[in-house]
Each structure stands twice: as C-alpha cells, then as structure tokens.
Amino acid sequence: MKIKKVAVLTSGGDSPGMNAGLRAVVRACAYHNLKCVGVFRGFEGLIEGDFKDLDARSVKNIINRGGTFLKSARSKGFFTKEGRQQAFNNLKKFEVDALVVIGGDGTFAGASVFNKEHDFPIVGLPGTIDNDINGTDYTIGYDTALNTVVEAIDKIRDTANSHNRLFLVEVMGRNAGDIALNAGIGAGAEEILIPEENLGKDRLLESLKRSKKSGKTSSIVVVAEGDQIGKNIFELAKYIEENLKEYEVRVTVLGHIQRGGAPSCFDRVLASRLGVGAIDALLRGERDVMIGIVHNKVTSVPFDEAIQGENELDTELIRVADITSV
Ligand code: F6P
C-alpha cells in the first residue's frame with residue numbers, strides 16, 4: 001500500500017533530542033510530500049485520538065529544546081488488546097497509513113505487538129537517555145545526559161575536595177550502566193557501580209581503603225540506580241561510614257535533571273539522521289523495525305531484536321575506569 005499519511009509520537013521517558021527527531025520526521029514527510037500528524041502523550045493519545053496535523057513550520061524553533069513538544073506517557077492502556085484496538089480505529093479514522101514512534105524498549109515492545117495484531121506499518125527511533133537498546137550504538141538523549149552528569153559531578157568534586165569527603169552520586173539506569181560507566185570515566189570517578197557487574201560491598205571497601213592509602217583526600221563513587229549494592233544509596237553511605245571511620249560520606253541523587261536540558265549537537269544530529277532514516281525506511285517498504293546507528297551508518301533492526309537484552313557493555317571501558325582511577 002502506498003503511504004500518504006504518517007503519524008508520529010514520543011513515548012516512555014522523555015530524552016533530550018526527541019524534539020529534533022520529531023522535527024526531522026515531520027520535515028522528511030514534507031520533503032516527500034507525505035501528510036504528517038502528531039499524536040500527543042504517546043500511545044495514550046493514540047487511544048484517545050489526540051491528534052494534530054503538522055507541517056514543516058509546525059516544528060520550527062524546537063531543535064534546541066529538551067523534552068518533547070508532543071509530550072510523552074508510559075501508557076497502561078496500550079498493554080491491553082482493547083486499548084490497541086481503539087488506537088487502530090483512530091489511525092484508520094484519521095486515515096493514517098504508517099506510524100513512527102520515538103521511545104525506548106517499552107515503546108518498541110508495544111509497537112511490535114501492535115504491528116503483529118493489526119499489520120500496521122511502524123518504525124521506531126531509539127529515544128532514551130539509558131542507551132540500553134540493542135542494534136544501535138547510541139540512543140537519542142544519551143550524549144546530552146552524559147554531559148549533564150559530568151557537569152554536575154565536576155561541581156560536586158569542588159566541594160568534595162574542599163572538605164575531604166567521599167561522595168556517592170546516583171545516576172539513572174535501572175538496568176543499564178552506560179551512563180554511570182561513561183560519565184564516571186569522564187568525571188574521574190574513584191569507583192563506578194553498575195547493574196551489569198556486582199562489585200560487592202567488601203571489594204568497594206577495599207578499594208576505598210586503598211585510595212586513602214595512596215594519598216587521595218576526596219573521592220567520587222558513581223552509582224547506577226539499578227546497581228546491586230547501591231540500590232539504596234543512603235544505606236550504602238551508612239555502611240561505608242560504619243566500616244571506614246576515616247570517611248565522611250555524602251550522597252547526591254541527580255534524578256530527573258539528567259533527562260532535561262538542551263540537546264547536545266551530537267544528539268541533534270543523531271535525531272535528525274534517524275528521523276530522516278525512518279521515513280526513508282517506510283518508503284522502502286520496511287516495517288516493524290527500529291532505525292539505529294551502527295559504526296556511524298544509519299541502519300535498521302527488527303523491533304524484536306532491538307528489545308532483546310541490551311547493547312553489550314564494553315569491558316574495555318571497565319578496564320579504563322580501573323586503570324585511570326589508581
Ligand atoms: O528510561 C529512562 C529513565 O530515565 C531511566 O533511566 C529511569 O530509571 C526511568 O526512566 C525513570 O522513569 P520515570 O521518569 O517514569 O520515573
């Protein structure tokens with residue numbers, strides 16, 4: 001079937017660069033003479049029929065803005081067959097022929113079920129700060145989040161150093177250590193705790209002891225929110241203070257600050273390339289795929305592959321972190 005009208009939405013946790021991705025999708029539609037419609041609040045808006053026609057000028061002045069002007073949601077309704085049926089009815093009612101979704105693994109899982117149930121053409125763009133999607137080297141928003149974290153830790157370092165303190169800094173990543181590991185290296189962290197590798201409390205204490213001995217006066221430990229021993233970061237801080245009396249420990253939870261702010265140039269370019277790539281893929285007849293970037297080339301992988309586990313963590317990075325923190 002010839003595609004004449006494309007709907008686009010953002011879903012799941014927002015990420016910086018989603019707006020740039022929307023802009024690219026809308027403008028690629030305009031370029032190829034396709035109609036485009038925006039759907040508000042992700043799959044929720046699809047179920048409710050909250051649609052708005054978009055043209056090339058509708059997306060002016062947003063390339064530099066964080067968040068998503070279409071808003072986002074983690075839809076519960078789309079998990080149900082009835083919700084998906086309602087969404088399909090609305091797409092038919094608005095004469096939409098294809099859908100572009102920007103989000104993370106939850107978004108792609110929903111999109112894949114919907115595609116199989118209704119045989120409706122969908123392509124996805126990876127938009128999440130977590131960088132936890134298979135089949136793409138980078139997700140939209142990850143680079144900006146890394147820079148936000150590094151900037152915050154640089155500030156924490158000033159005060160950590162002035163008071164000879166140990167800071168535990170919690171960053172996002174329920175299941176993925178990409179932010180913690182890369183920001184940890186970039187910010188010169190002492191130790192990095194990630195869900196993919198359980199360091200264990202004893203080894204952490206040993207490492208902190210060693211660094212005191214080696215002459216370090218202050219330390220920064222970056223903790224991914226999903227790490228085994230760092231899950232309750234305040235308890236971990238207490239445990240360290242109880243077992244290493246020489247340490248005065250403070251905790252900073254960076255939280256949602258990591259999801260906001262103007263996207264980095266890297267994320268803007270990535271989102272633009274993937275947005276254009278999404279419309280190219282649809283016009284080539286591809287369906288049920290995520291558009292990603294691998295070795296700096298725009299590529300596509302089936303949704304089922306994209307959500308199959310995560311991008312493998314680079315063990316070389318762990319080695320670099322260990323060596324540069326001696
Ligand atoms: O998936 C992106 C993410 O920011 C995770 O890193 C974090 O664990 C989660 O979303 C937080 O979700 P919410 O904003 O719904 O609390």
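Whatever order the structure lists them in is the order used to number ligands and atoms, beginning at 1.
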What's the shortest distance from [atom] to any protein heavy atom, and which residue and atom give it?
| atom | result |
| --- | --- |
| atom 4 (O) of ligand 1 | R259 NH1, 2.8 Å |
| atom 1 (O) of ligand 1 | D130 OD2, 2.9 Å |
| atom 16 (O) of ligand 1 | H256 NE2, 3.6 Å |

For the backbone of G255 and the side chain of Q258, can you confirm whether one donor and one acceptor N or O come within less than 3.5 Å of each other?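 Side chain of Q258 to backbone of G255, a donor-acceptor pair under 3.5 Å: yes, one is there.
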
Judged by atom type as modelled, is there a donor-acceptor pair below 3.5 Å linking the side chain of D227 to the main-chain atoms of I194?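 Confirmed, D227 side chain pairs with I194 backbone.
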
Got a sec: does the NZ of K52 have more than 12 other heavy atoms crowding it under 6.0 Å?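 12 or below, so no.
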
Using a 4.0 Å cutoff against the non-hydrogen atoms of G173, which atoms of ligand 1 qualify?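 Contacts of ligand 1 toward G173, numbered from 1: 6 (O).
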
Under-4.0 Å salt bridge between E95 and K4: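 Not counted as a salt bridge, because no side-chain N and carboxylate O are separated by less than 4.0 Å.
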
At under 4.0 Å between heavy atoms, is it the side chain or the backbone of Q258 that contacts ligand 1, or both, or neither?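 No part of Q258 is near ligand 1 at this cut-off.
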
Sort out for me which residue in D14, T128, T148 forms a side-chain hydrogen bond (donor to acceptor under 3.5 Å, both in side chains) with R259.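 Exactly one pass, corresponding to D14.
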
With respect to atom 15 (O) of ligand 1, which of R74, E225, M172 exhibits the smallest heavy-atom separation?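 Minimum heavy-atom distance to atom 15 (O) of ligand 1 goes to R74.
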
State plainly whether one hydrophobic cluster holds both L193 and Y239, where clusters connect Ile, Leu, Val, Met, Phe, Trp and Tyr through side-chain heavy atoms under 4.5 angstrom apart.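 In one cluster: yes.
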
Work out whether the distance between some heavy atom of G104 and some atom of ligand 1 is less than 4.0 Å.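 Outside the 4.0 Å threshold, so no.
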
